[in-house]
Amino acid sequence: EEIPFEDLLQRYTDVMAVGSGFFPADFSVLLRLAQALRDVRGMSVREKLTFCQAPADPQQLREVAALRTFAQYFQAFGRVPFRDPPGFSLETSASPAEEGEGGG
């Protein structure tokens with residue numbers, strides 16, 4: 001049976017707290033994001049850890065919903081599709097506004 005990822009993180013922090021030579025980081029955000037992603041199955045521990053390190057605030061429902069959607073896409077397709085922001089293309093090194101400057 002697979003151990004839930006948030007349980008692995010909790011065990012890790014518990015082990016680090018035992019020794020006086022260790023100074024564990026605050027894993028509370030990671031743990032809350034791991035709980036939010038609990039039902040997204042089929043990802044490795046490394047992949048789950050990567051998603052839990054996303055710059056998302058677990059108290060912001062829209063951010064958590066977006067993270068869950070990204071994780072579900074990744075689990076299903078092995079990648080997460082991104083759309084270019086309006087007026088900007090990631091295919092070029094300059095935004096349209098920069099391209100128009102000084103070019104005349």
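In terms of heavy-atom proximity, Ala54 sits nearest to Leu33 at O-CD1, 4.1 Å.
Between Tyr73 and Arg79, every side-chain heavy-atom pair lies at or beyond the 4.5 Å cut-off. Looking at heavy atoms from C-beta onward, Leu37 lies out of side-chain contact with Lys48 at the 4.5 angstrom threshold. Residues Val40 and Phe51 have side chains not in contact (no heavy-atom distance under 4.5 Å, counting atoms from C-beta outward). Under the 4.5 Å side-chain criterion, counting only non-hydrogen atoms from C-beta, Thr50 is not in contact with Met43.
Sorted by first then second residue, the salt bridge (charged side-chain N to carboxylate O under 4.0 Å, His left out) pairs that include residues 30-41, not counting sequence neighbours, are Glu6-Arg38, Asp39-Arg68.
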Per-pair distances, 0.1 Å, donor-acceptor, side chain in residues 55-64, under 3.5 Å, sequence neighbours excluded:
from: Asp57; atom 1: OD1; to: Gln59; atom 2: N; distance (Å): 2.9
from: Glu63; atom 1: OE1; to: Asp57; atom 2: N; distance (Å): 2.6

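The line from CD1 of Ile3 to CG of Leu9 is 12.0 Å long, rounded to the nearest 0.5 Å. Between the CG atom in Leu31 and the SG atom in Cys52 there is a gap of 8.5 Å [rounded to 0.5 Å].
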